[in-house]
**Q** 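Pasting in a structure now, in structure tokens, and then I'll have a few things to ask.
Both backbone and side-chain heavy atoms feed into the values below; hydrogens, waters and symmetry mates do not. Here the structure is a predicted model, which means the values were calculated and not measured.
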Amino acid sequence: MTNYEYLKQISIFSQLKEDFLKKIDSISIMRNYTKGRIIFMEGEPGEAFYYIKSGLVKISKVSSDGREHILHILNEGHVFAEVTLFNNTSYPATAEVLEEAQIGMIKNSDLQKLIIENPEISLELIKYLNHRLIEAQNKVRNLALYDTFGRTAQALVKLSEDHGKKTSAGIELDLGISRQELANIVGTTRETVIRVLAAFKKEKSIELDKSNIIIKDIDKVKAWYS
């Protein structure tokens, strides 16, 4: 599969014509990253956005008291740092590689030049950015509406949709993330998320296997916030 054919599978580019995909491919810069590598830090000038061809990337922010809050864990096909498009702004979060990754980088200046030459590309980008804005609004709403049980359940369901592997035992979340990192996703403490997971295990909606989580009954998990 050529890179422009791969671009067709990414939501932000999926509706573009083949000749446009080839043009976007021509301005893409592919890079390989090892585990633990920082792609960019929160506050650095936002000069580009990225898409993942393989691997895992963590997007996180640090609060004023030094606590990490994980916004997303992204895998193949996901786009990140697109908030810097059409804005002279800094990166609002930090991107760190959790698993050896191959990542495409597109400089904002190169894409903006391409859009000026091909205006119809902008419509698809606007649709995608609007979708991501709705997702962000829903995340803020959920933080206000749900307790830690509901937010943990939502996090598990979201992780299962993005990264889950269906097995005979259930949906396995084999991400290698720690309980602290899960707590950072939920927006609570490690101790609290451990208690919540224990409650889910007691009701037999999940099973715990070291750092892995297996969702045994997805409907029971969803019931915590529906």
**Q** The criterion is side-chain hydrogen bond (donor to acceptor under 3.5 Å, both in side chains); which residues satisfy it with Lys8, sequence neighbours excluded?
**A**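 Per chain and number, Lys8 pairs via side-chain hydrogen bond (donor to acceptor under 3.5 Å, both in side chains) with no residue.
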
**Q** Check which hydrophobic residues are tied to Ile38 through side-chain heavy-atom contacts below 4.5 Å, counting indirect links as well, and list them.
**A**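 So far as hydrophobic clustering goes, Ile38 is joined with Met41.
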
**Q** Sorted by first residue and then second, give each ring pair (Phe, Tyr, Trp, His ring centres under 6.0 Å) pair with at least one member in residues 81-124; sequence neighbours left out.
**A** Phe40-Tyr91

**Q** Before accepting this row, confirm whether a basic side-chain N of the pair Asp19/Lys23 lies closer than 4.0 Å to the acidic partner's carboxylate O.
**A** no

**Q** Taking only residues at least two apart or on different chains, which pairs with a member in residues 11-38 satisfy ring pair (Phe, Tyr, Trp, His ring centres under 6.0 Å)?
**A**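 As it turns out, there is no ring pair (Phe, Tyr, Trp, His ring centres under 6.0 Å) pair with a partner in residues 11-38 once direct neighbours are skipped.
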
**Q** Who clusters with Ile214? Use side-chain heavy atoms, under 4.5 angstrom, across I, L, V, M, F, W and Y, and order the result by chain and number.
**A**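 Members alongside Ile214: none; it stands by itself.
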
**Q** Is it true that, when you exclude Asn87 itself, more than 12 heavy atoms of the residues, nucleotides or ligands shown sit nearer than 6.0 Å to its CG?
**A** yes

**Q** So which of Leu85, Ile29, Ile27 actually passes side chain to side chain contact (heavy atoms under 4.5 Å, CB included) with Ile106?
**A** Ile27

**Q** Could I get the full list of side-chain hydrogen bond (donor to acceptor under 3.5 Å, both in side chains) partners for Thr189, not counting sequence neighbours?
**A** Thr192

**Q** Should Met105 and Phe80 be counted in the same cluster of Ile, Leu, Val, Met, Phe, Trp and Tyr side chains packed under 4.5 Å apart?
**A**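 Same hydrophobic cluster.
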
**Q** If the condition is side-chain hydrogen bond (donor to acceptor under 3.5 Å, both in side chains), which residues does Ser160 pass it with, not counting sequence neighbours?
**A** none

**Q** Quick one: does any side-chain atom of Glu161 pair with a main-chain N or O of Lys158 as donor and acceptor, under 3.5 Å?
**A**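 Looks like no, no N/O pair under 3.5 Å.
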
**Q** Who passes salt bridge (Lys or Arg N to Asp or Glu O under 4.0 Å) against Arg179, sequence neighbours left out?
**A** none

**Q** Identify whether Met30 and Ile10 are in the same connected component of the hydrophobic contact network (ILVMFWY, side-chain heavy atoms under 4.5 Å).
**A**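 In one cluster: yes.
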
**Q** Any side-chain heavy atom of Glu76 within less than 4.5 Å of one from Lys53?
**A**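 A side-chain contact under 4.5 Å is absent here.
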
**Q** Taking Ser28 for its side chain and Ile24 for its backbone only, find out whether a donor-acceptor pair lies under 3.5 Å.
**A**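 Yes; judged by distance alone, with no hydrogens or angles, the pair exists.
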
**Q** Does Ile73 reach the side chain of Asp162, with side-chain heavy atoms less than 4.5 Å apart?
**A**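 The answer is no; the side chains never approach within 4.5 Å.
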
**Q** Listed by chain and number, what are the ring-ring contact (aromatic ring centres under 6.0 Å, His included) partners of Phe149, not counting sequence neighbours?
**A**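 Applying ring-ring contact (aromatic ring centres under 6.0 Å, His included) to Phe149 gives Trp224.
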
**Q** Is the shortest distance from a Lys or Arg side-chain nitrogen in Glu96 or Lys35 to a carboxylate oxygen in the other one below 4.0 Å?
**A** no

**Q** Taking only Lys NZ, Arg NE, NH1 and NH2, and the carboxylate oxygens of Asp or Glu, determine whether Arg195 and Glu191 approach each other closer than 4.0 Å.
**A**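 Answer for the salt bridge query: no.
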
**Q** Among all residues two or more places apart in sequence or in another chain, which pass the salt bridge (Lys or Arg N to Asp or Glu O under 4.0 Å) test with Glu44?
**A**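 Applying salt bridge (Lys or Arg N to Asp or Glu O under 4.0 Å) to Glu44 gives none.
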
**Q** Which residues pass the ring-ring contact (aromatic ring centres under 6.0 Å, His included) test with Phe49, sequence neighbours left out?
**A**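 Applying ring-ring contact (aromatic ring centres under 6.0 Å, His included) to Phe49 gives none.
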
**Q** Can you name the residues that form a salt bridge (Lys or Arg N to Asp or Glu O under 4.0 Å) with Lys61, not counting sequence neighbours?
**A** Glu42

